[in-house]
Every structure is written in C-alpha cells, then in structure tokens.
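One structure below.
Not measured: the values here are computed from a predicted model. Residue numbering restarts at 1 for every chain, and letters A, B, ... go by the order of the sequence lines.
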Amino acid sequence: MAVTRRQFMKVSAAGLAASSVGALGFVGAGDALAAGVRPFKLERATETRNTCPYCSVSCGVIVYSLGDKSKNAKSSVIHIEGDPDHPVNRGTLCPRGAASLDYVHSPLRLKYPMHRKPGTDKFERVSWDFALDRIATLMKEDRDKNFIAKNRDGVTVNRWLTTGFFATSAQTNEAGYLTYKVMRGLGMLAIETQARI
Amino acid sequence: MATMQSLDIRRRSASTETPPQVRKATVEVAKLIDVSKCIGCKACQSACLSWNDLVEPVGYFQGSYDNPMDLTPTSWTVMKFTEIEKGDDLEWLIRKDGCMHCDDPGCLKACPAPGAIVQYTNGIVDFVSENCIGCGYCVKGCPFNVPRISKTDRKAYKCTLCVDRVAVGQAPACAKACPTQAIYFGSKEDMIGHAEKRIVDLKSRGYQNAGLYNPPGVGGTHVMYVLHHADKPSLYAGLPDDPKISPLVGFWKGVMKPISLAAIAFAGVFGFLHYITKGPNEVSEADERKGDDLAGGKRT
C-alpha cells in the first residue's frame, strides 16, 4: 500500500488525537466497572468421589466431569481435586495427585489389556476375556509345575513361590482382604501392593 | 463478561470512574504462607497449573530444585529454594513465590490500559486479559517482580489468588492442595491471628526473629508470609526487605498525569483556536517552485 507523506501525517495525527481523547477520560465510561470475576469453571459439573491411584496413602479425590450423565451426554473429566470430606487427606493432595487430570488424559495411559505374543515386539489390544483366560491358564500351568506341598522334612507347607501378585493400592479394606485370601488360598506368598495388605 | 457471581471493584487501572462504595460487608481475604512448615513438595504449583488450565513446557535441569527457575506466564507460583550455610549447619529455606496482592498495588498504579488490572473489595488484584495491551508497565510497577508477559499473546499474567474460586466461597487451589498446611486461607484478620500463634511457637523453638511479612511499604499484602528470619526477608530468595512502588511510577502516574493531560487538552484547544482564527497554512506557487528547485527540479 502506497502512503504519501501527507496521508501518513494525517493518520498519525488522528491516532494521537484519539488516544489523547481516551486519556482525558472521554471514552470507555460505558463498560467501566462492568468487568466481572472469571466464572467458576466447576459450576454444575458432575462430581464423582474416587481414590487417588498414585500411592498407598490413597487420598480421596473429587473428579469433576463434563455433562450430567444424561443419555446423550458423553462425560469427560475436566478437573480433579482433593475431597475435603475424606478423612485421609481432608482436601489436600500432593503434587502428583493435584496433577492427576493429566494422568487421566495422557495418551500413554493404559485403558485396556494389551498382549505381546511370544516372538513379537508389539503390544496389541485384547479382550478382557482373553486376558483373564490367558492369565488363569498360565497361573495354573506354573502352579501345577512348581507347587510345593511338603518341605524337605515332610511338613505340609503348600507353597507356590514362582508367581507373585501385585494388587492396586486404591482399594478398600474388603478388596484387600479378598486379594489376600484368594492368593494365599492358592499358596502364593509374594503378594504386594503399595498399600501393604 | 457474563458471570454468575461478582465482586465489587475497589480500584481499576487507568480509570477515573468512582467504584461503588456503599457495600462494606466484603471480608478482606488473605493467604498466609508459613515458610517454616513448607516441605517444598510443589503441590501448590501443580494445583495452580491444574486449576488455571496452564501447561508449563518441560524445561531443563539447572542445578537447582527450582522448577521452573522463575515465574513464567504459565507458572504463576514457583517454589524458590535457598541454601544458607552457617558454619557446619545448613538451613534450607523454601519460599512459595508469586503475586503478593498488595493493598496498594504498584502494577495497577502503573497500568495505562483502562480496566486491565482491577482490585476487588476483598483485596484480590486481578489482571483482566481482555483489556491488557501488553505494554509491560505492570512489570516495572511491581515491587516483587511478579507479572510476566506471554510471548504467545503479549499479555501479562500472574496469580489471581483464584478469584473465581474465592468469589464462590472456596479457597485458592494452592491453599487447598497444600499437604502440610503451610498455606492457609481466610479473612485477613484471621490470618494475622493465625500467624501470631505460629510466631509464638517458632520463638519457643529458638527462632527469635520469627515474624509476619506484611510489608507496610505497599499498604500490607493479601499474601503474607510467616518467616523464621523476619529480620532478613531477603534471605528467602531475594524477598524485598522493604518493598516500595518505584518513585517513578508515582511521579508519572501521580504528579505528571494531570499536568500532561492538561498539556494535551491545551494543545487541542490551542490547535482548534488557531485553526478558526488563522486557518490552515497555504502553500503559494512561489513556495512550490522554490521547493522543486531544492529537490533538484523533480516533483516529489
């Protein structure tokens, strides 16, 4: 765009005049003082109580999600923060717990069973039925092969030492009790969670 | 901006309108950061990012626990770690840095954009991004070096004291998350009372200089610290011992503002009077010819 010197001077003068009028307080009175506070982003979001999955402290969290769970609304987690009514943390969280929204939406998050077949280097998605059957089969095979019913002195010990079980920390006392009962019932000794059942 | 709640405004940058003054019931709020209880876990930083939908880019390790190394447009609060050696003894001071929400905010005084910085009646100082022109005057006006200008949108950003949460009666995200109760939130009166108890406790544990950091140079702040060495705040990663708004801000925005506005008005009035009495300058044919000669015979 070609601008002559005269045009340039005119535009500059007009700009200066406009900003001077502004500085003298002749404009902007209409919307003055109308600025409100940024809206609270969780207004009417669905609240779901849950337990932080990171460590054995198992802090209570509230998961805030989009949508009211009506039939055509797809929920999506929009915010997570501490549950003030939870006796463990009373609303507080550690840096990882406070950032757990990223954990929910992480592209690396494992959402379903994955299986790496012998001889390949790729994981592929499998069904829960397949995964559970496969795990049960392998457990049975290993237990049949390595179960120790009696020790050297002939005392009955019923040990299965070649497989371990790693359970979640984010579980209730009852689920912890069941984990322990079921696995010890099979003779397994290496049972662990971050929460120490 | 449509909101479901609002707070009265006490001050508004670069504006001459009088804010509503009749409602006095608003409680002045304050955040109390007890440096002696802080374990440096950065839950406050994490909660701040999460609440305000901020993403701090992954940085580089620079030989310090500070991460990021300083406040950024996306990190409105940062833990500052300072190691103080006293003979064989090492003292590790950890301070949560961020906006202090001064009662007499230097940023607001310096800001030339109408309504870009507001102070609510509860004491919170907030930046209204829609009105920000990205000039950076708030950075110069701040005695604590807090505002940061984003390279993405050239607007200034800083801690809002979660004004959106406070307006609906909740504590700021950092205060809620803190697992050691090093960050307290409540009315300013209650926070001063709580701090006094903490100071008595710290003194009984041998910190004779424990005290409250609520600097009078900026009219007091709505983010206060309990320091075990309140006699030397600068130990804590350069917390100003006696913060004051730069006298230049007071000069340009105080004394000079009416003078310069009067000068502008005078220039406008003078120009108008000159125009109607003398009219515009006329260029005569002789002037044009003289000009052509000076330009080497070519018409420009």
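Note on residues 46-67 of chain A: pairs passing salt bridge (charged side-chain N to carboxylate O under 4.0 Å, His left out), not counting sequence neighbours, are A/Arg49-A/Asp83.
Heavy atoms of B/Thr160 lying under 4.5 Å from chain A belong exclusively to its side chain. Of the atoms belonging to B/Gln45, not a single heavy atom falls under 4.5 Å from chain A. B/Pro114 does not touch chain A: none of its heavy atoms, backbone or side chain, sits under 4.5 Å away. Residue B/Cys178 touches chain A through its backbone alone, counting heavy-atom pairs closer than 4.5 Å.
No more than 12 heavy atoms of other residues, nucleotides or ligands sit less than 6.0 Å from atom OH of B/Tyr137. The number of heavy atoms from other shown groups lying within 6.0 Å of OH (B/Tyr65) does not exceed 12. At most 12 non-hydrogen atoms from other residues, nucleotides or ligands lie less than 6.0 angstrom from CZ of A/Arg44. For B/Trp92, the CH2 atom sits in a packed shell: over 12 heavy atoms of surrounding residues, nucleotides or ligands are nearer than 6.0 Å. Around the CE atom of A/Met9, the shell of radius 6.0 Å holds no more than 12 heavy atoms that belong to other residues, nucleotides or ligands. Annotation for B/Lys290: atom NZ does not count as buried by contact number, only 12 or fewer foreign heavy atoms lying within 6.0 Å. Counted within 6.0 Å of CZ on A/Phe166, heavy atoms from surrounding residues, nucleotides or ligands total more than 12; the atom is thus considered enclosed.
Counting only distance, with no hydrogens or angles, the side chain of B/Lys176 and the backbone of A/Gly91 share no donor-acceptor pair below 3.5 Å. Counting only distance, with no hydrogens or angles, the side chain of B/Ser46 and the backbone of A/Pro95 share a donor-acceptor pair below 3.5 Å.
Between A/His79 and B/Asp53, the closest side-chain pair of non-hydrogen atoms is not below 4.5 Å. Using a 4.5 Å heavy-atom cutoff, the side chains of A/Glu81 and B/Gln170 are in contact.
Applying the side-chain hydrogen bond (donor to acceptor under 3.5 Å, both in side chains) criterion to A/Lys140, with sequence neighbours excluded, gives A/Asp144.
Closest approach of B/Asp164 to A/Arg38, counting heavy atoms only: CB-O, 3.1 Å. B/Val168 and A/Phe40 make their closest contact through CG2-CD1, 3.5 Å (heavy atoms, listed as atom of the first residue, atom of the second, distance). Closest approach of B/Ala177 to A/Thr92, counting heavy atoms only: O-CB, 3.2 Å. When every heavy atom of B/Ser50 is checked against every heavy atom of A/Leu101, the shortest pair comes out as OG-CB, 4.5 Å.
In this structure, A/Tyr64 has its ring center at least 6.0 angstrom away from the ring center of B/Trp51.
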